[in-house]
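Naming convention: chains lettered A, B, ... in sequence-line order (proteins, then strands); numbering from 1 in each chain.
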Amino acid sequence: MADDKKLTTRAADFSAWYNELVLRAELADYAPVRGCMVIRPNGYGIWERMQRQLDDMFKATGHVNAYFPLLIPQSYLSKEAEHVEGFAPETAVVTHGGGKLLEEPLVLRPTSETIIYSMFAKWVQSYRDLPILINQWANVVRWEMRTRLFLRTLEFLWQEGHTAHATHDEAESETRRMLGVYRTFMEQYMAMPVITGQKTESEKFAGALRTYACEAMMQDNKALQAGTSHNLGQNFAKAFELKFQSAEGTEEFAWNTSWGVSTRMVGGLIMTHSDDKGLVCPPRLAPIEVVIVPIFRSDEDKARVLEAADKLKATLGSFERPEHLRRRIHIDAREGMKPGAKYYEWELRGVPLRMELGPRDLDAGQCVIVRRDTGTKQPIPLVELETALPALLEQMQSELRANALARREANSIRERISYDKFKEVMAGNGGFVYAGWCGDPAVEAQVKEETKATIRCIPDPEFRSAEPPTTCMVTGRPATCEVLWAKAY
RNA sequence: CGGGACGUAGCGCAGUCCGGUAGCGCACCUGAAUGGGGUUCAGGGGGUCGCGGGUUCGAAUCCCGCCGUCCCGACCA
């Protein structure tokens, strides 16, 4: 921080910019334990709004919430071979309780497939007991080597949906449906466009049949995996004896899915929209939509302006209004701080709209509204705020999404390029590269080794090229599919 | 766990080479003025200098050990 008041710029050091923004906007802070963070009210408020929206969407798609315990017998994790291989290296293990060595160590859940499907096995007898459509909001622990605020911490908050079905096809359509829910949420609420698609064998979830993901592009052109949805097949059902009797009387293993998004999305939101002045928060997820900065000199003016501000908040923000008509308003009435200083602070914190309200405005029956993303100022008559505020907020919401989409496409390469050119791109500005792939995992490994880029996904049809690639970018062999390459978080 | 940097007031740092009264900026508290883009003046509070040991009359400073944090790798939502 050369200048004490300004953030390091994105261009100078994206990583430093991100860290400083998170800390100074008071979204999160480092905790005493390495790799752990405290999510402060400004950051938690965003997560809460994400939760509320997603929870509504899960309920609307037929899911119910439940809660399973944090502690899982270590042996459970070992019951599915690929699963234990994938997660064992990063589990935290409890060996003592009440001062005594435990007979069997307990792991802090890195994810809850094992405990949940072991319980499903108790609850399911018949095909009539299916499907089970459960979600839980929880914390999980993964002992990562390198951590970053929101993007990768030892403990993080998430939701994990877990379902059980009678058939493969039903499980598959559930897997796809929830990926679609994530996509809708990310686009409509986070204003963050995503590429959806399937993960390759090497990138899929440990223990899954197939993994699908939403991949977003951050402002440094790196990809962020923002949500995953897994078709688990019968792998866990077999490990935990999750069986049911079919209508035909036969005994069958159930088909499971799991899907999750985490507090990592807060990091994605930050890196998608924010600028060198601080956070830019999409209005729909902003804990505060409008901050009123009162301006006054004399005591008379002060009383008059604050009264007007209170009145605006009491009417436009009244809890008696239906939520979509209720504005989330904060009045910054702090004494001894000049308006300019407040402007900078609320810009750092990402409040979408700022309302400047002073004696001159009141005389004219108006206020001045400033948009956080564009900085544009406009006077608005007080009597029109009721309709003007939601219109401005929605306009900002959709422009943020459109801008993020334009930026992603401007940094995507869809024409066929040579592997040499690809190396240049990845060594330079990076970005998303669509290319043919022969399907050989060794090629993935080689490219990762040489360029640090990985296959983010095999994009869903709507994201694929009009002209499908016929050869592998790396080997020149016939392509089995088109893939999306990028360096990732 | 490998490579690098660092640990001194809430935050950012100087002081360490060359041992001798613990400092600066911001933040914070009090008062007054100020108030439409980071306000000014005056006064004030706050530290076992990461921890442990050693050398010395005397250690933030020198030596040894440990712990922790951040950045770059290998691992990952």
Side-chain angles (χ1 to χ4, degrees), chain A residues 1-6 8 13-16 18-20 23-24 26 29-36 85-91 110-111 138-160 182 199 202-206 211 213-216 223-230 258-268 277-278 293-299 301-302 305 332-348 354-364 367-368 370 375 377 379 448-449 452 454 488-489:
Chain A
M1 275 181 266
D3 183 334
D4 219 36
K5 288 181 173 172
K6 290 205 169 95
T8 298
D13 185 343
F14 193 81
S15 188
Y18 175 82
N19 284 330
E20 285 174 24
L23 294 171
R24 292 180 50 182
E26 298 183 356
D29 202 354
Y30 292 106
V33 177
R34 174 196 78 88
C36 294
E85 197 186 321
F87 283 103
E90 56 183 44
T91 52
T111 179
N139 58 340
V140 286
V141 172
R142 299 183 186 177
W143 215 261
E144 302 289 353
M145 292 304 204
R146 241 192 103 217
T147 57
R148 296 197 63 190
L149 294 166
F150 286 113
L151 300 175
R152 186 172 301 104
T153 45
L154 294 199
E155 177 190 4
F156 58 92
L157 304 183
W158 76 346
Q159 61 68 218
E160 45 182 327
Y182 288 157
K199 289 286 182 182
S202 62
E203 296 271 336
K204 79 172 188 191
F205 178 76
T211 290
C214 297
E215 296 284 334
L224 183 77
Q225 178 176 305
T228 48
S229 186
H230 317 290
S258 70
W259 27 275
V261 293
S262 71
T263 38
R264 165 180 266 201
M265 287 193 299
V266 178
K277 291 189 287 190
V293 178
I295 295 153
F296 47 79
R297 287 165 186 269
S298 65
D299 282 349
D301 282 347
K302 177 181 168 185
V305 169
D332 185 354
R334 285 176 294 179
E335 300 272 352
M337 200 173 171
K338 293 182 76 166
K342 293 181 181 179
Y343 299 166
Y344 280 99
E345 187 175 310
W346 292 110
E347 281 165 2
L348 175 62
R354 175 176 82 234
M355 182 190 300
E356 302 175 3
L357 194 64
R360 295 207 302 264
D361 296 306
L362 289 181
D363 291 342
C367 63
V368 174
V370 186
K377 290 191 179 195
K448 186 175 183 181
E449 172 74 27
K452 289 176 192 144
T454 50
Y489 274 97

Quick one: does Arg334(A)'s side chain have a donor or acceptor within less than 3.5 Å of a partner on Lys342(A)'s backbone?
-> no

With a non-hydrogen cut-off below 4.0 angstrom, is Arg148(A) in contact with a base, only sugar-phosphate, or nothing?
-> nothing

Mark this stacking check for Tyr343(A) against G38(B) as yes or no, applying ring centres under 5.5 Å and ring planes under 30°.
-> no

Quick one: label Glu144(A) by what it contacts on the DNA or RNA (base, sugar-phosphate, nothing), any heavy atom closer than 4.0 Å.
-> base

Kindly determine whether Tyr30(A) and Asn19(A) satisfy side-chain contact (heavy atoms from CB on, under 4.5 Å), including the steps that lead there.
-> CA-CA 11 Å; Tyr30(A) 292 106; Asn19(A) 284 330; 4.0 Å; yes

Look at the side chain of Gln159(A) and the backbone N and O of Val261(A), then say whether any donor-acceptor pair between them is shorter than 3.5 Å.
-> yes

Under 4.0 angstrom, heavy atoms only, what part of the nucleic acid is Asp361(A) near: base, sugar-phosphate, or nothing?
-> base

Would you confirm whether Asp361(A), through its side chain, and Gly358(A), through its main-chain N or O, come within 3.5 Å as a donor-acceptor pair?
-> yes

Would you find a donor on one side and an acceptor on the other, under 3.5 Å apart, between the side chain of Tyr182(A) and the backbone of Ala213(A)?
-> no

NA contact type, Gly358(A), heavy-atom cut-off 4.0 Å: base, sugar-phosphate, or nothing?
-> base

Per Arg354(A) side chain, nearest of listed nucleotides G38(B), G37(B), A77(B) | G37(B)

Of all the choices, U69(B), A77(B), G35(B), which nucleotide is nearest to the side chain of Ile295(A) once you look at every atom?
-> G35(B)

Testing A77(B), G35(B), C75(B) for proximity to the side chain of Phe296(A), the answer is G35(B)

To the nearest angstrom, the CG-C1' distance between Leu23(A) and G10(B) comes to 13 Å

Side-chain atoms of Pro359(A) come closest, of A77(B), G36(B), G35(B), to G36(B)

G37(B) base to Glu347(A) side chain: any donor-acceptor pair below 3.5 Å?
-> yes

Is the distance between the ring centroids of Phe205(A) and Phe87(A) under 6.0 Å?
-> yes

Whole-Å distance separating the CD atom of Glu26(A) from the C1' atom of A27(B) | 12 Å

With a 4.0 Å cut-off on heavy atoms, is Thr153(A) in touch with a base, just the backbone sugar-phosphate, or nothing at all?
-> base

Would you mind reading off the distance between Glu85(A) atom CD and C75(B) atom C1', rounded to a whole angstrom?
-> 13 Å

Which part of the nucleic acid, if any, lies within reach of Met337(A) when heavy atoms closer than 4.0 Å are counted: base, sugar-phosphate only, or nothing?
-> base

Mind checking the CG-CG spacing from Leu154(A) to Asn139(A)? Nearest 0.5 Å is all I need.
-> 12.5 Å

Rounded to whole angstroms, how far apart are CD on Glu345(A) and P on C26(B)?
-> 18 Å

Test for a donor-acceptor pair under 3.5 Å between the base of G36(B) and the side chain of Arg297(A), counting only N and O atoms.
-> no

Roughly, in whole Å, what's the span from CZ in Arg360(A) to C1' in G35(B)?
-> 12 Å

Assigned partner base of G35(B), Watson-Crick or wobble definition, under 3.5 Å = none

Could you tell me whether Gly227(A) contacts a base, only the sugar-phosphate backbone, or nothing, with contacts defined as non-hydrogen atoms closer than 4.0 Å?
-> nothing

With nearest nucleotides of RNA chain B determined for Gly86(A) and Ser15(A) from heavy-atom distances, which residue corresponds to the more 5′ nucleotide?
-> Ser15(A)

Any side-chain N or O of Lys338(A) under 4.0 Å from OP1/OP2 of G36(B)?
-> yes

Base, sugar-phosphate alone, or nothing: which one does Leu151(A) contact when heavy atoms must sit under 4.0 Å apart?
-> base

Ignoring hydrogens and geometry, is there a side-chain-to-backbone donor-acceptor pair from Lys377(A) to Val368(A) under 3.5 Å?
-> no

Check every strand shown and say whether Thr228(A) touches a base, only sugar-phosphate, or nothing at a heavy-atom separation below 4.0 Å.
-> nothing

Hey, does Pro89(A) reach any base, or is it just sugar-phosphate, or nothing, if we go heavy atoms under 4.0 Å?
-> nothing

For the pair made of NZ in Lys6(A) and P in G25(B), what is the distance, rounded to whole Å?
-> 21 Å

Do Thr153(A) and Arg142(A) have side-chain N/O donor and acceptor atoms under 3.5 Å apart?
-> no

In whole angstrom, what separates Asp332(A)'s CG from G36(B)'s P?
-> 13 Å

Identify the pairs formed between an N or O of the protein and an N or O of nucleotides 49-52 of chain B at a distance under 3.5 Å, and give each distance.
none

Between Lys452(A) and G73(B), is there a side-chain N or O to OP1/OP2 distance below 4.0 Å?
-> yes

Identify whether any heavy atom of Val261(A) sits under 4.0 Å from a base atom; if not, whether one sits that close to sugar-phosphate; answer base, sugar-phosphate or nothing.
-> nothing

Rounded off to whole Å, could you give me the CG-to-C1' distance for the Asp299(A) and G35(B) pair?
-> 12 Å

